[in-house]
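This report concerns only the one structure given below.
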Amino acid sequence: MKRIGVLVSGRGSNLQAIIDAIKRGYIKDAEIAIVVSDVKDAYALTRAREARIKAVHVDPGSYRTKDSYEEEILRLLQKEGVDLVLLAGYMRIVGKRLLDAYHNKILNIHPALLPSFPGLHAQEQAFNYGVKVTGCTVHFVDEGIDTGPIILQRSVPVLEDDTPETLADRILKEEHKIYPEAVKLFIEDRLTIDGRRVRIR
Ligand code: GAR
């Protein structure tokens, strides 16, 4: 049984998609051991507690450095025997402490077709740029901002009457499909990183 730790900052709909995928048996032999939020009142923490998953707030403001903040997160993850870390709307750049401890074992979901529109407000960035197609990406996390090897992507057309909000809603629906898919592939040990390329068996 693989143990998953999820880092969140907000509403947690991607967390919910993973919880549901495990519950309905789409992702097998895995359980979410802990959810950690850097934001105290993140709704994701409520979702975790409702699913009877350990949910913890770690306040970055209580630590003198990013490293000591991540050391606490690492302590929590290791205490729960976490093998795989998922970023699900976690709005911080992961530092060396976590990256070294979980090398090629941290995944992220991003609401654009990387390498286009990394960073914050990706859906709005894409909308304002005027692209006709955008989408979402699940990738391994490395030291850059949304730069790690890509596992899965799904495209979403930009419609004539879209607003940044309607576009973000349609992208989110695809996120909820590809994140569980990518987690399933990881859990089943079907991913190999070959340079920038992720091979799927
Ligand atoms: C999602 O759209 C996710 O792709 C995005 O934040 C949202 C979180 O929603 N992540 C990023 O922008 C990371 N740079 P959720 O809390 O409902 O899963």
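Just so you know, ligand 1 is whichever comes first in the structure, and atom 1 is the first atom listed for that ligand. Not measured: the values here are computed from a predicted model. Numbering of residues begins at 1 and proceeds along the displayed sequence.
- For the atom pair CG (Asp20) and CG (Leu15), the distance works out to 9.0 Å, reported to the nearest 0.5 Å.
- Scanning the protein for heavy atoms near atom 14 (N) of ligand 1, the closest one is His110 ND1, 3.7 Å.
- Of the heavy atoms in His121, none comes closer than 4.0 Å to ligand 1.
- The protein heavy atom nearest to atom 16 (O) of ligand 1 is Gly12 N, 2.8 Å.
- Counting atoms of ligand 1 from 1 in the listed order, those under 4.0 Å from a heavy atom of Gln123 are 2 (O).
- The nearest pair of heavy atoms linking Ala44 to Gly12 is CB-CA, 3.6 Å.
- For atom 6 (O) of ligand 1, the choice among Arg47, Met91, Glu175 with the nearest heavy atom turns out to be Met91.
- Assignment of Ala44 to the shell around ligand 1 is not supported, since no heavy atom sits closer than 4.0 Å.
- Looking at every heavy atom in both residues, Val56 comes nearest to Leu76 through CG1-CD1, 4.0 Å.
- Counted within 6.0 Å of NE2 on His57, heavy atoms from surrounding residues, nucleotides or ligands total more than 12; the atom is thus considered enclosed.
- Between Asn108 and ligand 1, a contact under 3.5 Å exists for no N or O pair.
- Nearest to atom 7 (C) of ligand 1 among the protein's heavy atoms is Arg11 NH2, 4.0 Å.
- The shortest contact between atom 15 (P) of ligand 1 and any protein heavy atom is with Ser13 N, 3.4 Å.
- Counting all heavy atoms, side chain and backbone alike, Glu31 lies closest to Met1 at OE2-CG, 3.8 Å.
- Closest heavy-atom contact between Asp29 and Ile187: O-CG2, 4.0 Å.
- Contact detail for Glu72 and Val58: the closest heavy-atom pair is CG-CG1, 4.0 Å.
- Side-chain atoms of Arg92 and Ser9 form no donor-acceptor pair, as typed in the model, at a separation below 3.5 Å.
- Scanning the protein for heavy atoms near atom 12 (O) of ligand 1, the closest one is Pro111 CD, 3.5 Å.
- Given atom 8 (C) of ligand 1, the protein heavy atom at minimum distance is Gly89 CA, 3.6 Å.
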